[in-house]
Amino acid sequence: MSSPHTPGSAADTAPGGSATGTDPGTEGTHHLGHTLKPRHMTMLALGGAIGAGLFVSTGAGIHTAGPGILISYALASVLVLLVMRMLGEMAAAVPRSGSFSEYAGAAFGRWAGFTVGWLYWWMVTIVLAVEASGAAAIAHGWLPSVPIWVFSLVIMLVFTGANLLTVRSFGESEFWFATVKILAIVGFLVLGVLAILGWLPDTDAPGLANLTGNGGFLPNGWDGVITGLLAVAFSFGGLEIVTIAAAESDDPARNVARAVRTAVWRILLFYIGSVAIIATLLPWDSDRLGSPYVSVLEDIGVPGAAHVMDVVVFTALLSALNSMLYGASRMAFSLSRRGEGPRRLSRVAGNGVPRTAVLASSAFGFVAALLNVWWPEQVFKHLLNSVGAMLLFVWFAIAASQLVLRRRIEREDPDRLLVRMWGFPYLTWFVMLALAAVSILMLFDHTARPQLLSSVVVVAVVLAFALVREARRRDLRRRANTRF
């Protein structure tokens, strides 16, 4: 991709004339697999977005904003719904293993694709280390005699191995991991609604006492809602992985369109529905919000609630880790194939898996997971801060790319638009302004400010490197043209 180009045009093919993600000129002479089914795609989207944060961090948000956290979740949900609609539009029109990184490159130039791609890779490798460490901590609770770092290594080894198998094997494993999480959430929603209605044995309908009493719906005012928004806005990260996986499905355009439509609405139902039930059944200032799901299940008489939730959270962590490692490896593969990363990362094994990219992504995950265990405050805290606001940058890049590419696709090949962004271009501009507003709010929030500033530093470094790299490339081309 030597210059900005239009998706779907001749320039949108990889060297050798094949579509991006299936380049026969790629080292290893093999193609990425194309065996992911629609059910895999949908569950991959759900699995990436439903991490331990939903089960563990919800209570902190309710404690911060009170019942008004529902407004925070609603605002964040609208934002992510619009972002995913834009990304779904581009992914359905031009499915690519590099997804939004390739779209940024198509819209603004190679420097943009390089920057967005490597920033995303950095973010997900840090996050997968968090997931591995969290799962290891739960396993350590079951077997205290085994050190946490041993569990971290074992978990990373197992899921590195899983990602080295065929993409269909990965899809199947993620399907069943996500299924466990979804069944747990659906069960919680059903039991919660029955408890609210007073239809369970030995339970009384709570009415609206916890929503309107004890300080009202906004006990901490709108400041609490804004602080809650900053806390929950990033909970939806992971949905974008489904558009990366689109290139490895049997019918990329239609599958990603279907997955985006269905997964986003289900995510919103799961998140907002769960929070509404917790806020209705538990007082917002309860000291039992540290484990809100366990507290609710115990109150309605579910035996062994704590053990049940440990299993669910453990599964959620492993599922999210699995998805993140997949997303990181495919992004690294795409960057390499486009000449924006080490050439070895573009090698594809005979089973259709970019094994070198998987190993490189997991290697950093191994290191980061151990740093999280051994030096959580001294080292890993800084790494985690460096990705604290990275998702905002990725979402902004998605919106900006869609603003440019939508007009280009409409002009050159409108039949590709299987999914269309609503209210274009007004809602696209709205999303960009909203993301800018969230960044400003983070700047004035003392807990979020270090994350924003650390992320800005990383963005600036990667962007500067990309621009210098692009300048050198242009200089070499200019010299070559002058010479001949």
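Side chains included, hydrogens not; waters and symmetry mates left out as well; all remaining heavy atoms used.
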Test log, rule salt bridge (charged side-chain N to carboxylate O under 4.0 Å, His left out), inputs Arg420 and Glu410: CA-CA 11 Å; Arg420 289 176 178 263; Glu410 281 183 328; 3.7 Å; yes
Thr58 vs Ser274, side-chain contact (heavy atoms from CB on, under 4.5 Å): CA-CA, chis, key distance, verdict: CA-CA 9 Å; Thr58 303; Ser274 297; over 6 Å; no
Residues Val158, Val154; criterion side-chain contact (heavy atoms from CB on, under 4.5 Å); working and verdict: CA-CA 6 Å; Val158 168; Val154 170; 4.2 Å; yes
Check against side-chain hydrogen bond (donor to acceptor under 3.5 Å, both in side chains), Asn322 and Ser173: CA-CA 9 Å; Asn322 199 30; Ser173 65; 3.3 Å; yes
side-chain contact (heavy atoms from CB on, under 4.5 Å) assessment of Leu335 paired with Leu345: CA-CA 8 Å; Leu335 287 162; Leu345 298 180; over 6 Å; no
Candidate pair Arg474 and Glu470, rule salt bridge (charged side-chain N to carboxylate O under 4.0 Å, His left out), full reasoning: CA-CA 6 Å; Arg474 289 175 180 172; Glu470 185 65 18; 3.6 Å; yes
CA sep, side-chain torsions, deciding dist, call: Glu102, Ser97, side-chain contact (heavy atoms from CB on, under 4.5 Å): CA-CA 8 Å; Glu102 297 209 38; Ser97 59; 4.1 Å; yes
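In terms of heavy-atom proximity, Met156 sits nearest to Ala132 at SD-CB, 3.9 Å. Scanning both residues, Gly134 and Leu317, for their nearest heavy atoms gives C-CD1, 3.5 Å. The two residues Arg408 and Ala107 make their nearest non-hydrogen contact at NH2-O, 3.8 Å. Contact between Ala328 and Val124 at its shortest, heavy atoms only, is CB-CG2, 3.5 Å. Nearest approach of Val419 to Ala92, heavy atoms of both residues: CG2-CB, 4.0 Å. Nearest heavy-atom pair, Ala139 versus Phe314, reported as atom, atom and distance to 0.1 Å: CB-CE1, 4.2 Å.
The CZ atom of Arg85 sits 10.5 Å away from the CD atom of Gln402 when rounded to the nearest 0.5 Å. Once rounded to the nearest 0.5 Å, the distance linking CE of Met86 with CE of Met432 reads 8.5 Å. Summarising the geometry, atom CG belonging to Leu321 is positioned 8.0 Å from atom OG1 belonging to Thr160; distances are rounded to the nearest 0.5 Å. Atom CG of residue Leu318 and atom CD of residue Glu174 lie 10.0 Å apart, to the nearest 0.5 angstrom. Between the CD1 atom in Ile148 and the CD1 atom in Ile138 there is a gap of 10.5 Å [rounded to 0.5 Å]. In this structure, CZ on Arg406 lies 5.5 Å from CG on Leu417, to the nearest 0.5 angstrom.
With contacts defined as side-chain heavy-atom distances shorter than 4.5 Å, the pair Ser99/Leu87 qualifies. Under the 4.5 Å side-chain criterion, counting only non-hydrogen atoms from C-beta, Tyr326 is in contact with Val167. Side chains of Val275 and Leu70 form a contact here, defined as non-hydrogen atoms less than 4.5 Å apart. Side-chain contact between Met421 and Leu82 is present, with at least one heavy-atom pair separated by less than 4.5 Å. Residues Ser133 and Val130 are not in side-chain contact: their nearest non-hydrogen atoms beyond the backbone lie 4.5 Å or more apart. Between Tyr103 and Ile398 the shortest side-chain heavy-atom distance does not fall below 4.5 Å. Taking the side chain as every heavy atom from C-beta outward, Leu230 and Val438 approach each other to under 4.5 Å. Between Ile126 and Phe364 there is a side-chain heavy-atom pair separated by less than 4.5 Å.
Relative orientation of the Trp111 and Phe108 rings is tilted, given thresholds of 30° and 60° on the angle between their planes. Note: Tyr120 and Phe100 have perpendicular aromatic rings, judged against thresholds of 30 and 60 degrees for the angle between ring planes.
Judged by distance alone, with hydrogens and angles left aside, the side-chain atoms of Ser361 form no donor-acceptor pair with the main-chain N or O of Val358 at under 3.5 Å. A side-chain donor-acceptor contact under 3.5 Å links Ser336 to the backbone of Pro342. Ser346 places a side-chain N or O within donor-acceptor distance of the main-chain N or O of Arg343, the cut-off being under 3.5 Å.
A side-chain donor from one of Ser319 and Lys181 sits under 3.5 Å from a side-chain acceptor of the other. At a cut-off of 3.5 Å, with distance as the only test, no side-chain donor of Thr64 or Asn220 sits close to an acceptor on the other residue. Side-chain atoms of Arg338 and Ser101 form a donor-acceptor pair, as typed in the model, at a separation below 3.5 Å.
Using a cutoff of 4.0 Å between basic side-chain nitrogens and carboxylate oxygens, Glu89 and Arg416 are not scored as salt-bridged.
Between Phe177 and Phe159, the gap from one ring centroid to the other is short of 6.0 Å.
For Phe151, there are no ring-ring contact (aromatic ring centres under 6.0 Å, His included) partners at least two apart in sequence or on another chain. By the salt bridge (charged side-chain N to carboxylate O under 4.0 Å, His left out) test, Asp475 is found to be paired with Arg478, Arg479, residues two or more places apart in sequence or in another chain being considered. Checked against salt bridge (charged side-chain N to carboxylate O under 4.0 Å, His left out), Arg469 has the following partners two or more places apart in sequence or in another chain: Glu340. Among residues two or more places apart in sequence or in another chain, the salt bridge (charged side-chain N to carboxylate O under 4.0 Å, His left out) test is passed with Arg472 by none.
Note on residues 390-439: no pairs pass ring pair (Phe, Tyr, Trp, His ring centres under 6.0 Å), not counting sequence neighbours.
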Show me the donor-acceptor pairs within less than 3.5 Å that the side chains of residues 442-466 make with the rest of the protein, sequence neighbours left out.
unit_1, atom_1, unit_2, atom_2, d
Asp445, OD2, Thr447, N, 3.1
Asp445, OD2, Thr447, OG1, 2.4
Asp445, OD2, Ala448, N, 3.0
Arg449, NE, Leu443, O, 2.7
Ser454, OG, Pro450, O, 2.8
Ser455, OG, Asn385, O, 3.4
Ser455, OG, Ser386, O, 3.1
Ser455, OG, Gly388, N, 3.3
Ser455, OG, Ala389, N, 2.9
Ser455, OG, Gln451, O, 2.9

